[in-house]
Engineer: 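Following this message is one structure expressed as structure tokens.
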Amino acid sequence: MPRWGMRLARQLGALAVTVILGGILTAEMVRHSPGFDADERLTDARLNAESRAAIQAEREVNSAIVPFYIRHIAGMLRGDWGVSQSLRTPVRELIRMRMPVTAEIMLAGVAGGWLLAFVLALSTVHYPPWGRAAGILSIALLSVPVAALAVLIFAARGPVPGIMALILFPRLFDHLRNLLAEAYAQPHVVTARAMGVGPVPVLIRHVLPICRAQLLALAGVSVSMAFGAAIPVETLCDLPGIGQLAWKAAMARDLPVIVTLTLLITVLTQAANAVSDWADTRREGQA
Amino acid sequence: MKRLFLMLALAGTLAAQTGSVLRFCLRADPKTFDPQLVEDDNSEAVRYLTGGVLLRVNRVSQQLAPELATSWKVDRQGRRITFHLRRGVTFSDGTPFSAADVAFTMTRLMDPKTHSATADPFRSSNEPPQVSVISPDTVSITFAAAVSGLDRLFDQVAILSAHSARKLSAVLGPFQVTDYKPGVELVLGRNPNYWKVDAKGRRLPYADQLVLQIQQNRDLELARFRRGEVDLINALDPEVFEALAHDAPASVTDAGASLESEMMWFNQAPGAPIPAYKKSWFQSQAFRRAVSEAMNRADIARIAFRGHAQPAEGPISPANRFWFNTALKPHPFDVVSASRRLQSDGFQKRGNRLYDRQGHPVEFSIMTNAGNRTRERIAAMIQQDLTAVGIQVNVVTLDFPSLIERMTQTFQYEACLLGLTNLDLDPSTQMNVWVSSAANHQWNPNQKTPATPWEAEIDRLMQRQAAEVRPEDRKRLFDHVQQIVWEQEPFIYIVNKNSLMAFSPQLLNTAPAAVAPQSYWNVEYLQRRTQMAGGR
Amino acid sequence: MTLRRAFAITVLTLVVLASVGAGFVPGFSYAEQHREFISSGPSAHFPLGTDDLGRDRLARLLSATRVSLLLAAAAGVAALILAVVAGGTAGYWGGWWDVLVTRAIDLLLSLPWLFLLLAARALLPLNVAPLTALVVTYALLAALGWAAPARVVRAGVRSFRESEFVLRARAEGATEFRILLRHVVPNLRPILLAQFWTSIPVFVLTEANLGFLGLSAGEPFPTWGSLLRELQNPLLVRPEAFATVGAIALSVLCFKLISPKGGLPV
């Protein structure tokens, strides 16, 4: 088998092990979290003893984690992703309906956050006073709760995906500014600029290659950050995406939904990081 | 003439097309569209708006009124109810309504496999009821044992079609589900076959469509209301009420006390994993009464609820006009009396701290659900109030499932602060709270035998009132229960919340009520001011 | 020392002194409810007004600063140390250790750690001191917050692994450990500083959000997170409630101005 084939097989094997491990760890955490056995319906005084017993029996179906997990994985491989206990809808259908909303928000958020952070970080290198202003903006945005940002933007009839960009921007800005500043301080970059090379070629041919590895790593991590931010944004703005589903499932201790989402997120996170690692390895190979 | 008729028909159609659309919000997606399996507020809202019922409790007068049944009779033993049904009524899909549909509905509801809060109050025994179709418009239902408040329970029973191919989608209520986008909105269109007409003979409902937007975030709901995107807000938070009252006073309504109250209780379960000396405090009537007297309910109503609440007397809100025991008054705020009670019970105050007989400093935790700002305020105020009698209170906020688990399963808590919503006016639906052997007897559930004489007395009174048929007899017995609860304070009732609502100035025929659904209980009559005059 | 750095040190020192000193001023209480002055505006008696329970907002802000500034900064440092250890060693040595650490990072980024936090709260006694609950929360945030920066650190270390200065140090007989610690890690200063500055408000906001689940200090103990929860609807609160945002931003800005800038590879 060619080397790339072996490498790919190793990567896929590692991916599979991590995904399976992630799923079972999640299932254990949820199972042993407080409130797993509790059901809000039990506080309804109109229910008689038989109904209460039926509700409790419903919750006990998934009590044994290993059998549940094996059943669930086997089901997922057959295309059956289980049924949400709290929403009483097939998990696959829930994800299918909600994925476009999250994809739109994450795409807009990551793109917007990166664009804003990159442009401002680049500007600070060339115009330092802008850097101070951008830095203060970044810190201020980091210090305002997402709920407040959501309400302010909503009240101003701003685009809701803009909230995501404003959340990601400060988390990226300082990294990017420092990386770019360091790169622009390199002797060969200084020389290129002194020799009259234009700003765009300097950026593309000299600066970006220096910080490519870290940019790629940051890009990979920003996907996780974006999903992490999607949860409060969607929940607070009542957007019916995967993030809102994750929150509702967590509050309801909805095991099938939580495990399925974790498996998907693990795959997504690893894929994003694998791409950045691959690009970095390729650069090292070329070097 | 023919041309005139056509023009009128066209005008009617145009009116229908340009008829009003009402918009308001649901807090979350309904969990079910099956009216017999309703367990959450949002599903209940859909049931109310689409389901036709035999009898309806008028939310303002709190009297039972005929709906699909023109008359009814409950026998002397409270076991049998006979309905005479309205004629000429059809379901939304045109299927005729008859006694067979009532029989089908009740048979399905009382199936032993159906476990729901709608079905269980009917289950006075393990035997299913006998349903007899006497004629197409007369039906009789006989239960093996008396069902307390039998007729009023039918307010929650939406009649299903026995014959319609559309099954649950065929409804008898003013609206029917026409579109549903999960997480976004639920659209209800008018039922073209709705039987009800107004006083002038105009067919109801006035509105053509209801758009129920799924909106959990109350701040965004407020922003939408201000922008005119939402026509009413069914339950306003007090600070939102105040903000709207400042900007648009005509849009808000405080309808007075609702059926909701805030209350606190101590964990008296003998098996609870808390120190024995603390259990002895909580089991002491003097201790509970002292804590109650040390709480400044007026301040809590004024501050935590911005004045939109009233000190509570007991388990029944004064909004529940028939069942409220008018002889009861809220426990007074009296720190001196509270200190005296504690002293008489062997507690001693040294410096700023209170100590029990064994020298333990009196300190306990109150758990409540996190994220409810009003309840957190109440807990903080109780914490400060009790320092006056030397008691240290630790406020613990927990997410709701964790709290429910401690409350119902592990009993790993000392005191709990929660709200109570009486969905029903009739206290029979609270049997599982008052009967000591029941699971919802929160302070000490699932007792094999009553732990105290007063709990035994409450058991006896509740069983007796459940067996009585005449409301006056039941009231007398339940008044006595309220009196015992007032004296013993297993639940320390703090305040009754007011019913706060907001209505767009464009909305006509609003009639705010204290009983849910307080703002849209008369949804058939709600319409927007911009609706064409000759519309219907 | 530059003027900006001196200014930042002065401001930060004053903030720390004010927040520590506030606890010793008689009558200056973060807990006392002045029930006749609910949600009142700034006055001589209450310079930042009062909150919705009539508590002195300035007293609460200073008390919160005392605790949150220390804990958020400590958690930030702790997370960074873990990130450097894990990410640095993985990036430098590569091989099976790199694979293991990278997978662990990916797992850490994917798992719903909310349940761990809920379990931690459940394990704490109900009558636990508020400060203890807060310390546990921040410790967990630090224990979970190292994964994302570790990835970036790893990438940075990999890029320096075969740099000239590293090769020179190796040629001069320095041990791998020494090279990593004395030559590679210092060149990560820009990344580490950026991460530290960002982590303080992120941890504070996370603590604020966790407060909605009860994973924060109980009443009446103020933290930056609990004060930020007042801003849930910014349209309904008084402008003085935004003072917490200002306090966090000012503290982070001071840290930034005090921190040494990143330098060239050595």
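The sequence lines fix the lettering, A, B, ..., with proteins before strands; numbering per chain opens at 1. Because only heavy atoms are used, hydrogens play no part in the values below, and waters and symmetry mates are left out as well, while side chains stay in.
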Engineer: Counting only non-hydrogen atoms closer than 4.5 Å, does C:Ala129 touch chain B with its backbone (N, CA, C, O), its side chain (CB onward), both, or neither?
Structural biologist: neither
Engineer: Is it the case that the ring center of C:Phe46 lies less than 6.0 angstrom away from the ring center of C:His34?
Structural biologist: yes
Engineer: Below 4.5 Å, heavy-atom pairs only: which of B:Gln392, B:Arg302, B:Glu405, B:Glu239 has the largest tally toward chain C?
Structural biologist: B:Arg302
Engineer: Cation-pi check, B:Arg288 to B:Phe266: give yes when NZ or CZ is under 6.0 Å from the six-membered ring centre and within 45° of the ring axis, no otherwise.
Structural biologist: no
Engineer: Where on B:Val393 is there a heavy atom nearer than 4.5 Å to chain C: the side chain, the backbone, both, or neither?
Structural biologist: neither
Engineer: Taking C:Asp51 as the fixed residue, which of C:Arg60, C:Arg57, C:Arg238 is the one that meets the salt bridge (charged side-chain N to carboxylate O under 4.0 Å, His left out) rule?
Structural biologist: C:Arg60
Engineer: Report which part of B:Ile274 has an atom under 4.5 Å of a heavy atom belonging to chain C: side chain, backbone, both, or neither.
Structural biologist: neither
Engineer: Do you know which of B:Glu376, B:Glu414, B:Arg218 has the most heavy-atom pairs with chain C at a distance under 4.5 angstrom?
Structural biologist: B:Glu414
Engineer: If I measure from the heavy atoms of chain C, does B:Met367 come under 4.5 Å with its side chain, its backbone, both, or neither?
Structural biologist: neither
Engineer: Among side-chain atoms of B:Asn394 and C:Asn127, is any donor-acceptor pair under 3.5 angstrom?
Structural biologist: yes
Engineer: For B:Asp247, is it the side chain, the backbone, both, or neither that has a heavy atom closer than 4.5 Å to a heavy atom of chain C?
Structural biologist: neither
Engineer: Is B:Phe400 in contact with chain C via its backbone, its side chain, both, or neither, using a 4.5 Å heavy-atom distance?
Structural biologist: neither
Engineer: Do you know which of B:Asp385, B:Asn217, B:Thr387 has the most heavy-atom pairs with chain C at a distance under 4.5 angstrom?
Structural biologist: B:Asp385
Engineer: Based on non-hydrogen pairs under 4.5 Å, which of B:Arg406, B:Gln412, B:Glu242 is most in contact with chain C?
Structural biologist: B:Arg406
Engineer: Could you point out which residue of B:Ile391, B:Leu342, B:Val389 forms a side-chain contact (heavy atoms from CB on, under 4.5 Å) with B:Phe347?
Structural biologist: B:Leu342
Engineer: Using non-hydrogen atoms and a 4.5 Å limit, figure out which bit of C:Leu126 sits close to chain B: side chain, backbone, both or neither.
Structural biologist: both
Engineer: Would you say the side chains of C:Ser68 and C:Thr223 form a donor-acceptor pair under 3.5 Å?
Structural biologist: no
Engineer: First locate atom CD of B:Glu260, then atom NZ of B:Lys497, and finally report the distance between them rounded to the nearest 0.5 Å.
Structural biologist: 4.5 Å
Engineer: Applying the side-chain hydrogen bond (donor to acceptor under 3.5 Å, both in side chains) criterion to C:Thr50, which one of C:Ser43, C:Ser40, C:Ser39 satisfies it?
Structural biologist: C:Ser40
Engineer: Taking every non-hydrogen pair under 4.5 Å, which of C:Gln33, C:Arg55, C:Glu230, C:Glu219 racks up the most with chain B?
Structural biologist: C:Gln33
